[in-house]
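All remarks here apply to the structure that follows.
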Amino acid sequence: MAISKKVIRKLWATSGGFCGKPDCHADLFPFFENGQVTNIEELAHIIAQKKKGPRGNNSLALTERDEFDNIIILCPSCHTLIDKNPGVFPIDTIREWKKQHLQSIENIFKIPTFNTRQEVHKYLQPFFSENRKIFDTYGPYSENAKSDPPACELMWDRLAKEKILPNNRKIEKVIEQNQSLLTEEESSLFQEFKIHRKGFEFNKLSGDVNAMVPRFPANFQNIYK
């Protein structure tokens with residue numbers, strides 16, 4: 001058995017890019033001084049794949065041990081620590097870590113309600129700005145993409161998953177919560193963005209590429225302005 005690509009993508013997407021041990025939260029995709037990025041994440045089984053592994057003597061079927069609920073993303077140090085000390089780090093403890101980590105990521109997406117268009121616009125701008133900076137620096141039409149395509153593609157893929165996808169979800173949720181402040185034209189633009197967001201996310205997380213996904217709507221970053 002092996003962990004499927006679908007499970008790996010879901011684990012990555014829900015980790016936020018940080019170690020799942022509460023007192024660690026190490027950045028799993030650190031940037032080095034030379035500008036390169038590397039991943040140091042490890043897929044840690046809560047109940048080992050095999051009966052003789054750490055916390056492996058459990059009734060959970062072997063066929064279910066590579067599924068999402070039985071895996072937590074950790075940094076190498078924490079992965080080694082829990083597997084060498086299964087008595088100190090039992091199943092329930094690690095499951096609680098994962099539960100808390102998922103809740104922390106979810107809490108990021110608690111959506112505020114605003115009274116004015118100006119307030120919504122101001123709130124959304126950091127998300128738009130970060131997305132734009134990443135796209136301009138590492139996106140497929142950037143100067144970096146022309147000068148060093150392989151390295152740039154790696155950076156684009158990881159930053160898209162780590163930053164742009166969560167930002168897009170946040171933008172969509174905020175606008176949904178504050179739709180009453182949209183103009184008719186903006187409402188139409190918002191529908192275009194939702195189609196783009198879903199398609200872009202599918203391309204980045206599914207492993208497939210659908211060329212029919214529409215691009216980010218022009219001037220959408222100025223919504224509520």
| query | Could you walk me through whether Glu143 and Lys146 pass the salt bridge (charged side-chain N to carboxylate O under 4.0 Å, His left out) check? | reply | CA-CA 5 Å; Glu143 290 301 318; Lys146 298 176 184 177; 3.5 Å; yes
| note | Sequence neighbours excluded, the answer for salt bridge (charged side-chain N to carboxylate O under 4.0 Å, His left out) partners of Lys98 is none
| said: Does Glu172 form a side-chain contact (heavy atoms from CB on, under 4.5 Å) with Phe190? I'd like the steps, not just the answer. | reply: CA-CA 8 Å; Glu172 183 174 320; Phe190 179 45; 4.0 Å; yes
How about [X]: does its [atom1] atom have over 12 heavy atoms from other parts shown lying under 6.0 Å from it?
{"X": "Lys161", "atom1": "NZ", "value": "yes"}
{"X": "Gln191", "atom1": "CD", "value": "yes"}
{"X": "Gln103", "atom1": "CD", "value": "yes"}
{"X": "Asn85", "atom1": "CG", "value": "yes"}
{"X": "Lys51", "atom1": "NZ", "value": "yes"}

Do you know the tightest heavy-atom contact between [X] and [Y]?
{"X": "Ser15", "Y": "His101", "answer": "O-NE2, 2.6 Å"}
{"X": "Ala160", "Y": "Pro166", "answer": "O-CD, 4.4 Å"}
{"X": "Cys24", "Y": "Cys19", "answer": "SG-SG, 3.8 Å"}
{"X": "Gln125", "Y": "Gln221", "answer": "NE2-O, 3.0 Å"}
{"X": "Pro214", "Y": "Ile195", "answer": "CG-CG2, 3.7 Å"}
{"X": "Val174", "Y": "Pro112", "answer": "CG2-CD, 4.4 Å"}

| task | Decide yes or no on side-chain contact (heavy atoms from CB on, under 4.5 Å) for Lys163 and Glu130, but give the supporting numbers first. | result | CA-CA 8 Å; Lys163 296 294 185 179; Glu130 184 172 42; 3.5 Å; yes
| If you group Ile, Leu, Val, Met, Phe, Trp and Tyr by side-chain heavy-atom gaps below 4.5 Å, do Trp156 and Val213 land in one group? | no
Are [X] and [Y] close enough that some pair of their side-chain heavy atoms sits under 4.5 Å apart?
{"X": "Ile175", "Y": "Tyr224", "answer": "yes"}
{"X": "Glu67", "Y": "Ile71", "answer": "no"}
{"X": "Lys225", "Y": "Lys122", "answer": "no"}
{"X": "Thr80", "Y": "Cys78", "answer": "no"}
{"X": "Glu201", "Y": "Lys204", "answer": "no"}
{"X": "Gln177", "Y": "Phe114", "answer": "no"}
{"X": "Phe193", "Y": "Ile171", "answer": "yes"}
{"X": "Phe200", "Y": "Leu165", "answer": "yes"}

| task | Check the pair Phe128 / Phe220 against ring-ring contact (aromatic ring centres under 6.0 Å, His included), numbers first and verdict last. | result | CA-CA 9 Å; Phe128 283 127; Phe220 185 67; 5.7 Å; yes
How long is the gap from [atom1] on [X] to [atom2] on [Y], to the nearest 0.5 Å?
{"X": "Lys99", "Y": "Ile94", "atom1": "NZ", "atom2": "CD1", "result": "16.0 Å"}
{"X": "Thr93", "Y": "Lys21", "atom1": "OG1", "atom2": "NZ", "result": "10.5 Å"}
{"X": "Ser77", "Y": "Ile82", "atom1": "OG", "atom2": "CD1", "result": "12.0 Å"}
{"X": "Leu43", "Y": "Asn70", "atom1": "CG", "atom2": "CG", "result": "11.5 Å"}
{"X": "Ile47", "Y": "Arg55", "atom1": "CD1", "atom2": "CZ", "result": "9.0 Å"}
{"X": "Ile134", "Y": "Ile164", "atom1": "CD1", "atom2": "CD1", "result": "4.5 Å"}

| With Gln118 via side-chain hydrogen bond (donor to acceptor under 3.5 Å, both in side chains) - residues at least two apart | none
| Does the ring of Phe135 carry Lys133 above it, NZ/CZ under 6.0 angstrom from centre and within 45° of its axis? | no
Test your reading of the model: is there a side-chain donor-acceptor pair from [X] to the backbone of [Y], 3.5 Å cut-off?
{"X": "Arg65", "Y": "Gly56", "result": "yes"}
{"X": "Asn58", "Y": "Leu60", "result": "yes"}
{"X": "Arg197", "Y": "Arg169", "result": "no"}
{"X": "Asn144", "Y": "Thr137", "result": "yes"}

| Phe127 vs Tyr123 aromatic rings, parallel, tilted or perpendicular, using cut-offs 30° and 60°? | tilted
| Where do Leu181 and Thr116 land on the side-chain contact (heavy atoms from CB on, under 4.5 Å) test, with the steps shown first? | CA-CA 7 Å; Leu181 297 174; Thr116 68; 5.7 Å; no
| request: Assess whether side-chain contact (heavy atoms from CB on, under 4.5 Å) is satisfied between Leu189 and Glu185, documenting all intermediate values. | output: CA-CA 6 Å; Leu189 201 60; Glu185 182 179 351; 5.8 Å; no
| What's the verdict on salt bridge (charged side-chain N to carboxylate O under 4.0 Å, His left out) for Arg117 and Glu186, showing C-alpha distance, side-chain angles and the deciding distance? | CA-CA 12 Å; Arg117 290 170 53 83; Glu186 288 172 338; 2.7 Å; yes
| message | Per the ring pair (Phe, Tyr, Trp, His ring centres under 6.0 Å) rule, what does the pair list look like for residues 45-74, sequence neighbours excluded? | response | none
